[in-house]
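Owing to the predicted nature of the structure, the values given are computational and were not obtained by experimental measurement.
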Amino acid sequence: MSQQIQIDTQNRQQMLAYELIVHTNSSFFLTGRAGTGKTTFLRNVQQMTDKQFITLAPTGVAAILAGGNTIHSFFGLPMEVCTPGTCGKMNDTRILTLLHADTIIIDEVSMVRCDIVDAIDYTMRKVLRTTQPFGGKQVIFVGDMFQLPPVVKQGVEHEILHDIYQTDDFFFYKANAIKRMRLVKIEFQKVYRQDDDKEFLRILENVRLNRVTPENIMLLNHRIMRPKEEDGMVITLTSLNKTADEINRKRLDEIGCEEFVYKGAIQGKMDDKTLPVELNLRLKEGAQVMFTRNDPQRRWANGTLAKVVKLTENEISVQLDNGETHVVPCCSWDSINYEYDHETRKLKKEVTGTFVQYPLKLAWAITVHKSQGMTFDKMSLDLSRGLFAAGQLYVALSRVRSLNGLFLSRGIVPQYAHTSQEIIAYANGYNDEQLINNEIESGKATYGLLQQNDYDEAAKQYLLLAARKAGNGEIKEALHQVKRFLDTLVCDEELYGCIAEVPGNLLNSGHWSARFLTALFCLYSGQFESALEQIDLVLERHQCQEAMFIKSRALSKLERYEEADAVNVQMGNAFDMAMPDAKVLYMIAMLNEMHIGDLGLDLMRKLVEARPKYDKGVLALRMLMKRHDMTLESPKTCELIEAFNSGMNNEKFGKQLKQCRKKDSKQVTYLIQRIRKQDFCE
């Protein structure tokens, strides 16, 4: 752990999130109310681990502030509703970047619709050629669901989404991809922002959870007052852009001195709509402004208010509320694109555009929506037009540090404090330590193996963990680990006999899930007849590919190859070659070649395409090609391809292949390219 950059080791939730990021490949949802340090934590963790991260956000402004890219730009998604099967258009550079990334961070996920999440999942699975959720990558969804919900236009857009998801709430976790996986949820609970005002913290929590009391309302409404001159700088929060713009324009026009216009500069590519401040900043001496980014010297923070005290053509001086006067330096914001660096074998951020401007904006007023992520010492909440969105009162109130810094234009009524019941129900699953620890346990057993592309040993660890969980009576957890086992597995030949015995508690249950587990454990304990008997009982009720895989393997082990082939044909009818199941490809290719008399070369080639870092796939293809006296065609000399075509045994070739992966990856890349281009149809 770095000595300069630390996380709060006394914060239980931070430590759990750290363990998930560093030791697992598990996706999870990271949440927490305003001021709990989610952004700081993620920034620090990225510098404390060797993982490769990509940061994405739903809007251009959020992406620039997060130092990343937009979701739509990175994945090449359309701007309209993403219907099932929507696949983003990613160029080769983006695909290579995605291939080498370990973790995708999706920030401000409360604003991301479920159809976007499903399109991300489908695109990643198709691009990375795998059936695993999100292409097998770790995705960290970050945001506070109690803040503003996704924006959905009424009319056709709403109708399409309702037809797809059968709901009127299109939160990210309603995505079908999320429903098919286990997404643990960590909520940071320690608040760093309003920690000095315990009473206000309790009020905020009650507003957030839709349980405000008459006493809470009374305490808040004690703050119905106009700011006085001695209160210094106070910003007004309003629900409408139009109102905020009118207030700022009117207050600037009221100042009867010279106006200065500071023109920002854009270099490269950057959309005007994503700029964090005005391209042309209009100011007068006496104007109230707000900083829009943190100062490296910590003189001010994002959201700090100031008063302009001196302007020249090339200089802006402001006075903070504490009386300090500073000359404000220009800042730059970058538009980021991710690329993979072949030499360093790391992701690098490519700056595609830079915006230079003073980090200031007029700040007599701002909308509640644009205030997300900011903190104010003093704030006036304009309730003249009420509040129109669930969670908006919570977002507004949580911008200010203390109750004494709050000013209300009129009284708050309980109806303003409405929070979606859907969100409250979802929050009941936050910080389930048993589930989180299960993820950490699973990750510690397999993550290092997956990093080394040792899929079969990782699959074995999932299988053994599933057997232990089943033996402890944790059937649901066992099924979860079995799913991971089946998603990871390619070749299972070395797994037979790794299960010593079937947990006895499964044998007395007639439930299909217990029978499924029994069949799987019987298979890998060598009890093939029992495995077949149990899986047939499962298939009477559930026709699923996982059960058919077990049946085919049991039949093969019993040397009933024609029957196994019939099951494989049934599986193949529902097989999506764009997102192939690696274990099924391997199984059918080997069965066809070794026992049925059909060619399996093309299927094995597709396996190598899907899992190019899986050495056993390359070795299996080489073995099958030698059965047919075939060699790999190559227009140029390549030592590794010469070895592939030579008469050396597979064990020796495997050692050479492994050596090349470490010291001469270009040869391996060329080998895979030639395999992809080889014609096996004849």
Is a side-chain N or O of D118 found less than 3.5 angstrom from the main chain of N176, in a donor-acceptor match?
-> yes
Can you name the residues that form a side-chain contact (heavy atoms from CB on, under 4.5 Å) with N337, not counting sequence neighbours?
-> N69, R94, E350, T352
Take R125 and D121, measure what salt bridge (Lys or Arg N to Asp or Glu O under 4.0 Å) needs, and give me the verdict at the end.
-> CA-CA 6 Å; R125 285 188 289 122; D121 169 63; 3.0 Å; yes
Give a yes or no on whether a salt bridge exists between K137 and D102, defined as a side-chain N under 4.0 angstrom from a carboxylate O.
-> no
For the residue pair Y426 and F172, categorise the inter-ring angle as parallel (less than 30°), tilted (30 to 60°) or perpendicular (more than 60°).
-> perpendicular
Which of parallel (below 30°), tilted (30 to 60°) and perpendicular (above 60°) describes F170 and H158?
-> perpendicular
Answer yes or no: is there a donor N or O on one side and an acceptor on the other, between the side chain of N11 and the main chain of Q13, under 3.5 Å?
-> yes
Heavy atoms of other groups near R298 CZ, more than 12 under 6.0 Å | no
Could you tell me whether a side-chain N or O of T103 sits under 3.5 Å from a main-chain N or O of Q138, the two making a donor and an acceptor?
-> no
K179 atom NZ, over 12 foreign heavy atoms within 6.0 Å | yes
Do side-chain atoms of Q288 reach the backbone of L305 as a donor and acceptor pair under 3.5 angstrom?
-> no
Residue pairs involving residues 302-327 (criterion salt bridge (Lys or Arg N to Asp or Glu O under 4.0 Å); sequence neighbours excluded) = none
Distance only, no hydrogens: is a donor on one side chain within 3.5 Å (strictly under) of an acceptor on the other, for N44 and Y18?
-> no
